[in-house]
Number of protein chains: 2
Amino acid sequence: MQECHTSETTQKSIEATIVSGILSARIRPGTRLGENQLATLFGVSRTRVREAMMRLETRGIVHVSPRRGWFVVEPSAEDAIAVYEARRIVEAGLLRSMRVLAEEGRKALDAHLNEERNAMAAGDRQRLTYLMGDFHIRIAELSGNAIIVDILRDLTARTILISMLYQSEFHAAQSHEGHCRIFEAMQAGDFVKAAALSVEHLDEVEMGLDLTARPDPLSDLRNSLSLPPKTASAVPQQPDLKATTSKEQ
Amino acid sequence: MQECHTSETTQKSIEATIVSGILSARIRPGTRLGENQLATLFGVSRTRVREAMMRLETRGIVHVSPRRGWFVVEPSAEDAIAVYEARRIVEAGLLRSMRVLAEEGRKALDAHLNEERNAMAAGDRQRLTYLMGDFHIRIAELSGNAIIVDILRDLTARTILISMLYQSEFHAAQSHEGHCRIFEAMQAGDFVKAAALSVEHLDEVEMGLDLTARPDPLSDLRNSLSLPPKTASAVPQQPDLKATTSKEQ
DNA sequence: GCTTTCTCTCTTGTATGCAAGAGTGCCACA
DNA sequence: TGTGGCACTCTTGCATACAAGAGAGAAAGC
């Protein structure tokens, strides 16, 4: 399954690289992903880059502004609400569907929570962001259901983009506490409680967002002129357009 | 948003056409989707067909066998189990998260159930297949969460493929009854019960499958030789490879 | 008659080329 | 000095050309 003569490997690696860059908060929302830049970066032609972009687009991670370029999505406030709602639905449903926590899974989660503690102690914010999202993916992995894992991975990626846009400060300790509580309930075999805690946890994080903030800095003006709310491709937003891969070109 | 000079329209239409073909059971699992055939069919070049295929691949609806072609997925027994599990998780989570059933939504579901009855009376099996899947998508639409709708649409598409492979006979009446019960619970405002009924309903349907049947006809032999379970791209499976669009070529 | 090998066709994989649109900056002109 | 317009550049959109591999079928050898 994993030999592949660089072809298959390279093919998905563009996609995976970008997703993992987002998951670890190294790529900001709105980052421009030029086909040419990526092509030279990965040593392939634009064709394959485009394929990766198309895939990422259907996963809701990237969008294209015609003849302008590909950009990492900048979820609107409504998008943010929808993403959190979707996560509550899926994660609560997932936890409720669980019946036992296998020893193996217990260990994996325990190890993960330790990593969270370590990252907190080290003050490694980037790693912390990654771990905070990954906790939920780990839970999904326990179920052994690859479909759910994929869904949650993509939702988590979007969550991280959202937090980069709307989260003024990062309450890592609070999140960690939430994760611990969920883990405890799971260990006690009380998955109904774990589900409830999970919903609570997501609510907390969502509440910590300032959804009136950044992504459409013209919203006030727009409102006072009573223009349409916001078309998907609008708002160039000069800053941070070239946050990554800015050295070449 | 919807003017688009045939470009955007055609772009997504390949994708949508295939999905809708599956949702209404007009396209069978394992159907070969030749790039050239689709290209001439839609009057575009292979490039755009490929883009659509890539998208469908990330949605889990199509897969590619290198240098052989694109095929509508033939979910394995394990895939089938995972899809039903995922649906239980998402649908139960969805129903549990609901608080009220708006009058508008009540009407929509009521109308839908009537359509189911009509199709049953008319014995229109294809339409029935479509409606049976669509019921669940309709419920998702009530939530107003586009993410969940998309997830369920894709899962439903796979469900239909599964049923074409493993469902010996179609218990439409039973499914319809299940839908009615769910609707009743929703009308009564008892969404916890609706969620439970939904899980039950999906269990029933899953139980009605014969997961020892078709898709890997060599499984017995394979087991007796203790070979690996089944690699994604194996098993050519001659029959019904060209079920649709077989006239030209 | 059976098996093996070779070739030929058909399919996707990938790169490249050209077209068209968006955006920017300069220049002319008032 | 401010403003309108033009040209230029840079980007994606899309088609096409060519390469490479899979498979089928025929021919040759046993």
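Source: prediction; values computed, not measured. Letters A, B, ... are given to chains in the order of the sequence lines, protein chains preceding strands, and every chain is numbered from 1.
Summarising the geometry, the separation between CG on A/Asn36 and P on C/dA15 is reported as 13 Å, rounded to the nearest angstrom. The CZ atom of B/Arg48 sits 13 Å away from the C1' atom of D/dT12 (whole-angstrom rounding). Put simply, CZ on A/Arg46 is 10 Å from C1' on D/dC14, counting in whole angstrom units. With rounding to whole Å, A/Glu35 atom CD is found 18 Å from C/dA20 atom P. Between B/Phe71 atom CZ and C/dT11 atom P the separation is 11 Å, expressed in whole Å. Per the geometry, CZ belonging to A/Arg50 stands 16 Å off P belonging to C/dT16, to the nearest Å. As rounded to whole Å, 7 Å separates atom P of D/dC14 from atom CZ of A/Arg67. In this entry the distance linking CD of A/Glu51 with P of C/dA15 reads 9 Å, nearest Å.
With distances taken from any side-chain atom of B/Val64 to the nucleotides C/dT11, C/dG13, C/dT16, the minimum falls on C/dG13.
By the 4.5 Å heavy-atom criterion applied to side chains, B/Leu128 and B/Phe170 are counted as neighbours.
B/Glu91 and B/His136 share a donor-acceptor pair across their side chains, judged by distance under 3.5 Å alone.
Donor-acceptor pairing under 3.5 Å, judged by distance alone, is absent between the side chain of A/Arg68 and the base of C/dA22.
When each of B/Met54, B/Glu51, B/Met53 is paired with A/Glu51, the side chain to side chain contact (heavy atoms under 4.5 Å, CB included) condition holds for B/Met54 and for no other. If you run side chain to side chain contact (heavy atoms under 4.5 Å, CB included) between B/Val73 and each of B/Leu56, B/Leu161, B/Ile162, only B/Leu161 comes through.
Two residues, B/Gly34 and A/Gly43, neighbour DNA chain C, and the one matched to the more 5' nucleotide by heavy-atom proximity is B/Gly34. Nearer the 5' end of DNA chain D, as judged by each residue's closest nucleotide, is the contact made by A/Gly69, out of A/Gly69 and A/Thr47.
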